[in-house]
Enquirer: 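Let me give you the structure first, and then I'll get to my questions.
Order of the sequence lines fixes the chain letters, A, B, ..., with proteins taken first and strands second; residue numbering starts at 1 for each chain. Remember, predicted model here, so these are calculated numbers, not experimental data.
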Amino acid sequence: MSTDPKRWVAGHVAALPKSGIRDFFELVAKMKGQDVISLGVGEPDFVTPWHIREAAIYALERGKTYYTSNLGMIELRKAIAGYVEEHFSVGYRPEDQIIVTVGVSEALDLACRAFCNIGDKVMFHQPCYVSYHPSISLVHGTGVAVPTYAKDNFALTAEALRAAWTPGCKILMLNLPCNPTGGTCSVEQLEKIAAFCREKDLLVLSDEIYSELSFDGPHTSIASLPGMAERTIFLHGFSKAFAMTGWRIGYACGPAPLIDAMMKVHQYTMLCASIIAQEAALEALTRGWDSVLKMREQYHRRRDLVVRRFNEIGLKCHSPRGSFYAFPDVTPTGRTEQDFAVGLLQEQKVAVVPGTAFGENGTGHVRACFATSYEQLIDACDRMDRFVNGRK
Amino acid sequence: MSSEGVIGTDRLELYEFGVSAPRICAQGFADGGRVGTSKNKCGFPGGFSANLFSPMNPVLKLLLDGVSLSTAQIAQVAGMTEVEVQQHLEQLKKDKIFLGWRPVLDLSREAAAGVAVRAVIEVKVTPERGGGFNRFAERIARFDEVESCYLMSGGYDLLIFVKGPSLQKVAAFVSEKLSTVEGVLSTSTHFMLRCYKEQGFLLDGGEAPTTRLNVAP
């Protein structure tokens, strides 16, 4: 009989590939103590605004240490309803159409578990956030990657969607603006995608975590388009806009029967999101908008800086319309994304993430996060210039 | 260091160390700054229009944000040449919006202790026919000991921030100079005991060093 502990690991988990991000994390970790500038992060450099932290401390002082309703505190759900209505032009009932989750990651997992049968096909655009495909695999679904391209600024097109579609596709995952590409869709593109979803009766899981960080015009939620709210789970959270990654707080909005299905999974697995994080989130929605605007403005200027510098250096880089990621093409250097990232780290001590960590369509690109101070960004660009062009 | 004079390399160097803050005349915005509303839909109609003072000189914007950048770095961030940044700064000075640089110091530290005594003084004066409070304020403001001087609403008229090398020197200024100005009815002096935040800089700690992961999804 085998004594290998791995014999107890479920087959579909054993089959999950290790995250490419993890490999790179370990490589960077080995360089501890060296002067590494990391553009490999996936979160804001800002600390959560003080008034939000203070609200959480106050909540603790008042003894807010209990479970909340499975769906989340009603006060928070009401605030979410108001926020989503105001900023995304979609109305949801706080009582039964909103569920507060442990980050958008949990909301996405709940949606996969609640809506995906074994073998159901789930479409997602790629390059994409690292957990999308594994989330599908974990519920025994079949992932169908839809490529996005640099020539389209990594916007998802209805044409690519149609080309990738096969019978049995049930769900479409969207992440606009997108991690890692910063790509997003124009209203016209979104309308075509919406029409396709209606035609093929697709359920849409729309992760709009970066929506507040849209730089070139207003963000439009697919849920706000005609006939879409009833087939869309709107996923959002506080991590990026309010610089609250470590609080792990997000939410999902959608038709009541669908939210109820997600709640069933949530109540047996998570029970509820942390009450402290919920209190902080309530404060964020109530008084945090000015902080969001200040941070967005910083990201906007940083984006303009790094995109200009990358192009000057010779790395073709589209201007990401949202998020805090640039996704330059490194093939003009004659290197693969992996060689480029490893070489840049070893020679110039700048960490970026190889694009293939976000799926095969990230080939030839690296992700550079610009949620870092101007000084660091300028220094990192200077180092990249030396790496690419050999200047001293 | 004087707050007057031309922007020179020395002041920029100070700024590079992260200890100085630009002195900007708030009244300078009265004409040029358009106060916009910050609450809008999730997107916004282009550029940085959601700012309080928008549209704004990009160099001034960076200075106001308290970002410690050299002129070369400002040039990169604002997407201009260093010469253009210098021109912007000169223009701001000409317009009397940007008044000069001053270092922000933690006065409890030994090295900065030479200017360690600070006080705020509430002053009541009798306004003059014709001149109102202006003549008093301008006269009082000219004393070297006075760092800042404001006309206030409420229970007193002028609020002045005074700095001196010792308690005695500040007390002497109040009793011999300030209170003897004709028209001054009363003064109420409050010595500052401890500073917790100076010009936006937290003293004693502030945020803990970042524990952000170097690589994350």
Enquirer: Check step by step if side-chain contact (heavy atoms from CB on, under 4.5 Å) holds for Cys381(A) and Gln76(B).
Expert: CA-CA 11 Å; Cys381(A) 289; Gln76(B) 285 218 24; 5.5 Å; no
Enquirer: Do Ile74(B) and Tyr374(A) pass the side-chain contact (heavy atoms from CB on, under 4.5 Å) test, and can you show the C-alpha distance, the side-chain angles, and the key distance before you say yes or no?
Expert: CA-CA 9 Å; Ile74(B) 289 176; Tyr374(A) 293 123; over 6 Å; no
Enquirer: Can you check side-chain contact (heavy atoms from CB on, under 4.5 Å) on Val215(B) and Val353(A), steps first, answer last?
Expert: CA-CA 8 Å; Val215(B) 179; Val353(A) 182; 4.1 Å; yes
Enquirer: Within the 4.5 Å heavy-atom criterion, are Ser68(B) and Glu375(A) side-chain neighbours or not?
Expert: yes
Enquirer: Looking at Ile378(A), Val130(A), Ile37(A), which one has more heavy-atom pairs under 4.5 Å with chain B than the rest?
Expert: Ile378(A)
Enquirer: Side chain, backbone, both or neither: which part of Arg53(A) has a heavy atom under 4.5 Å from chain B?
Expert: side chain
Enquirer: According to side-chain hydrogen bond (donor to acceptor under 3.5 Å, both in side chains), does anything in residues 35-51 of chain A pair up with another residue at least two apart or in another chain? List the pairs.
Expert: Asp35(A)-Arg383(A), Glu43(A)-Thr245(A), Asp45(A)-Arg302(A), Thr48(A)-Trp247(A), His51(A)-Glu283(A)
Enquirer: Should Gln73(B) and Leu377(A) be marked as a side-chain contact (heavy atoms from CB on, under 4.5 Å) after you check the CA-CA gap, both sets of side-chain angles, and the distance that decides it?
Expert: CA-CA 10 Å; Gln73(B) 289 170 325; Leu377(A) 287 176; over 6 Å; no
Enquirer: Would you give the length of the straight line joining atom CD of Gln298(A) to atom CG of Asp65(B), rounded to the nearest 0.5 angstrom?
Expert: 5.0 Å
Enquirer: To check you understand the geometry: which heavy-atom pair defines the closest contact between Leu213(B) and Val41(A), and what is its length?
Expert: O-CG1, 3.0 Å
Enquirer: Name the region of Arg22(A), side chain, backbone, both or neither, that has any atom closer than 4.5 Å to a heavy atom of chain B.
Expert: neither
Enquirer: Go through the atoms of Val47(A) and report whether side chain, backbone, both or neither lie under 4.5 Å from a heavy atom of chain B.
Expert: side chain
Enquirer: Is a side-chain donor or acceptor of Asn179(A) paired with a backbone partner of Pro217(B) at a separation under 3.5 angstrom?
Expert: yes
